[in-house]
Amino acid sequence: MVPGVTQEIRDRGGVAAARRLRPRRSRARRRSPGPVRRGANASAGRSEKSHAGLAAQRRRRGQPRISPSPCAGPHRQGLRRVKVNGVPHPAPVDPRRLLSDHLRHDLGLTGTHVGCEHGVCGCCTVLFDGAPIRSCLILAVQAEGHEVMTIEGLAVPDGPLHPVQQAFHECHGLQCGFCTPGFVLSVVGLLAEHPHPTPEQVDEGISGNLCRCTGYASIRRAVARAAELSKQ
Ligand code: FES
Ligand code: FES
């Protein structure tokens, strides 16, 4: 026994005190690790097995496979439709499809251009229930039950140009034209909100669209001209 402890035992009176003074082992060290628990793994194995069994049962009965996600699969076709340029279209099958990709690749509306694909350039602007939005920033399924207008829906085929298109044409508001569908739809949205926009409102209205060719002066003139033409 440790000499200091022996002395204290003597001072306090005997073995009972020694038992009290014996350093205690921590509960954690005293507890034995025990047998390895198998319950969790075993039940996981059972549940995997039962899922496989259920799938086999469904196959034997000729029942269709259960879709892995409630959001995926052709059954989505039965959900609400997306109205594009006044025409109802089936909802997109892939729930991760961007609206811009859905318009271009599924519906063939390639007038919606795609530049940056992360909401900076504004090339992909469309009207969503009449308001300009960037179609590369929303999923096509989010448009279910809403009305989308692309540049193709602005004027009837073989009919006169829309006043905003006419104004861009008259004022040379475009050069390469890559940004133009986005600008035109932003201006349509702007004039719907402010039929007589101030220069500040014009700048604000087209601030989400980038043009690398025109320098914006002719686009600003086109907006003013579009406001005039819309009055007539
Ligand atoms: S492609 Fe959508 S903002 Fe650039
Ligand atoms: S006209 Fe070329 S990017 Fe605008």
Side-chain angles (χ1 to χ4, degrees), residues 82-87 89 91-155 160-194 197 199-230:
V82 182
K83 213 176 204 183
V84 181
N85 299 334
V87 181
H89 290 277
V93 173
D94 182 355
R96 293 164 302 178
R97 192 80 146 155
L98 292 175
L99 179 59
S100 51
D101 290 340
H102 179 59
L103 294 171
R104 289 176 59 82
H105 304 304
D106 301 337
L107 306 185
L109 298 169
T110 51
T112 302
H113 291 171
V114 170
C116 65
E117 264 194 300
H118 59 265
V120 175
C121 70
C123 288
C124 63
T125 302
V126 296
L127 295 181
F128 190 87
D129 291 339
I133 59 143
R134 292 169 177 81
S135 59
C136 71
L137 289 188
I138 74 162
L139 297 169
V141 288
Q142 291 175 286
E144 285 176 29
H146 294 274
E147 293 219 21
V148 175
M149 181 180 276
T150 67
I151 194 72
E152 288 91 345
L154 212 50
L161 292 176
H162 184 278
V164 177
Q165 291 172 313
Q166 182 64 36
F168 270 70
H169 172 66
E170 284 179 19
C171 302
H172 307 289
L174 61 141
Q175 284 182 32
C176 79
F178 191 80
C179 67
T180 309
F183 266 102
V184 168
L185 290 169
S186 288
V187 174
V188 171
L190 167 70
L191 294 182
E193 202 179 343
H194 304 291
E200 291 74 28
Q201 286 168 337
V202 171
D203 287 349
E204 173 71 23
I206 60 172
S207 61
N209 296 76
L210 301 180
C211 177
R212 300 187 68 180
C213 305
T214 63
Y216 298 93
S218 53
I219 293 178
R220 284 201 188 99
R221 276 198 300 276
V223 180
R225 177 71 181 137
E228 280 172 21
L229 289 175
S230 302

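All heavy atoms count here, side chains included; hydrogens, waters and symmetry mates do not. Every number for a ligand or one of its atoms is a count from 1 in the order of the listing.
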* Selected option - heavy-atom contact closest to atom 3 (S) of ligand 2, from His172, Arg212, His113 ->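 The residue whose heavy atom sits nearest atom 3 (S) of ligand 2 is Arg212.
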- Item | Chi angles and distances behind the side-chain contact (heavy atoms from CB on, under 4.5 Å) call for Leu210, Arg212 | CA-CA 7 Å; Leu210 301 180; Arg212 300 187 68 180; 5.8 Å; no
For Cys176, take its heavy atoms, then give the atoms of ligand 2 lying under 4.0 Å from any of them.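 That gives atoms 1 (S), 2 (Fe), 3 (S) of ligand 2.
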| request: Using a strict cut-off of 4.0 Å, indicate which atoms of ligand 2 neighbour a heavy atom of Gly177. | output: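 Ligand 2 atoms under the 4.0 Å threshold to Gly177: 1 (S), 2 (Fe).
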Mind checking whether Val120 contacts ligand 1 via backbone (N, CA, C, O), side chain (CB onward), both or neither, at a 4.0 Å heavy-atom cut-off?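 Backbone only.
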Does [atom1] belonging to [X] count more than 12 external heavy atoms closer than 6.0 Å?
X      : atom1 : value
His169 : NE2   : no
Glu170 : CD    : yes
Gln142 : CD    : yes

N/O/S of Cys136 less than 2.8 Å from atom 4 (Fe) of ligand 1?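 No, outside the cut-off.
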query: Backbone or side chain, does Cys124 get an N/O/S atom under 2.8 Å to atom 4 (Fe) of ligand 1?
result: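 Cys124 does not place any N, O or S atom closer than 2.8 Å to atom 4 (Fe) of ligand 1.
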I'd like to know: is atom 4 (Fe) of ligand 2 within the 2.8 Å range of an N/O/S atom from Cys179, strictly under that distance?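 Under 2.8 Å: Cys179 contacts atom 4 (Fe) of ligand 2 through an N, O or S atom.
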Counting backbone and side-chain atoms alike, is an N, O or S atom of Cys213 positioned under 2.8 Å from atom 4 (Fe) of ligand 2?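 Within the cut-off used here (under 2.8 Å), Cys213 places no N, O or S atom near atom 4 (Fe) of ligand 2.
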Where the side chain of Arg104 meets the backbone of Thr110, is there a donor-acceptor pair that is under 3.5 Å apart?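 Confirmed, Arg104 side chain pairs with Thr110 backbone.
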Check your understanding: Does the Thr125 side chain pair with the main chain of Leu185, one donor and one acceptor, at a distance under 3.5 Å?
Key ->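 Not confirmed, Thr125 side chain does not pair with Leu185 backbone.
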Query raised in the report: Tell me: protein heavy atom nearest atom 1 (S) of ligand 2, and distance?
Result: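 Nearest neighbour among protein heavy atoms for atom 1 (S) of ligand 2, to 0.1 Å: Gln175 N, 3.2 Å.
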Item checked: Heavy-atom closest contact (Phe178 atom, His113 atom, distance) ->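 Closest approach of Phe178 to His113, heavy atoms only: O-ND1, 2.7 Å.
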Checklist entry - Between Cys171 and Ser218, which heavy-atom pair has the shortest distance, and what is it? => result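 The answer is O-CB, 3.4 Å.
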Using a strict cut-off of 4.0 Å, indicate which atoms of ligand 1 neighbour a heavy atom of [X].
X      : result
Gly122 : 3 (S), 4 (Fe)
Cys121 : 1 (S), 3 (S), 4 (Fe)
Gly115 : 1 (S)
Cys116 : 1 (S), 3 (S), 4 (Fe)
Gly119 : 3 (S)
Glu117 : 1 (S), 4 (Fe)

Practice task
Have a look at Cys211 and tell me which of Ile206, Ile219, Leu174 forms a side chain to side chain contact (heavy atoms under 4.5 Å, CB included) with it.
Solution key: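 Of Ile206, Ile219, Leu174, side chain to side chain contact (heavy atoms under 4.5 Å, CB included) with Cys211 is met by Ile219 alone.
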With side-chain contact (heavy atoms from CB on, under 4.5 Å) as the criterion, how do Asp94 and His102 come out once you've worked through the C-alpha distance, each side chain's angles and the decisive distance to 0.1 Å?
CA-CA 9 Å; Asp94 182 355; His102 179 59; over 6 Å; no
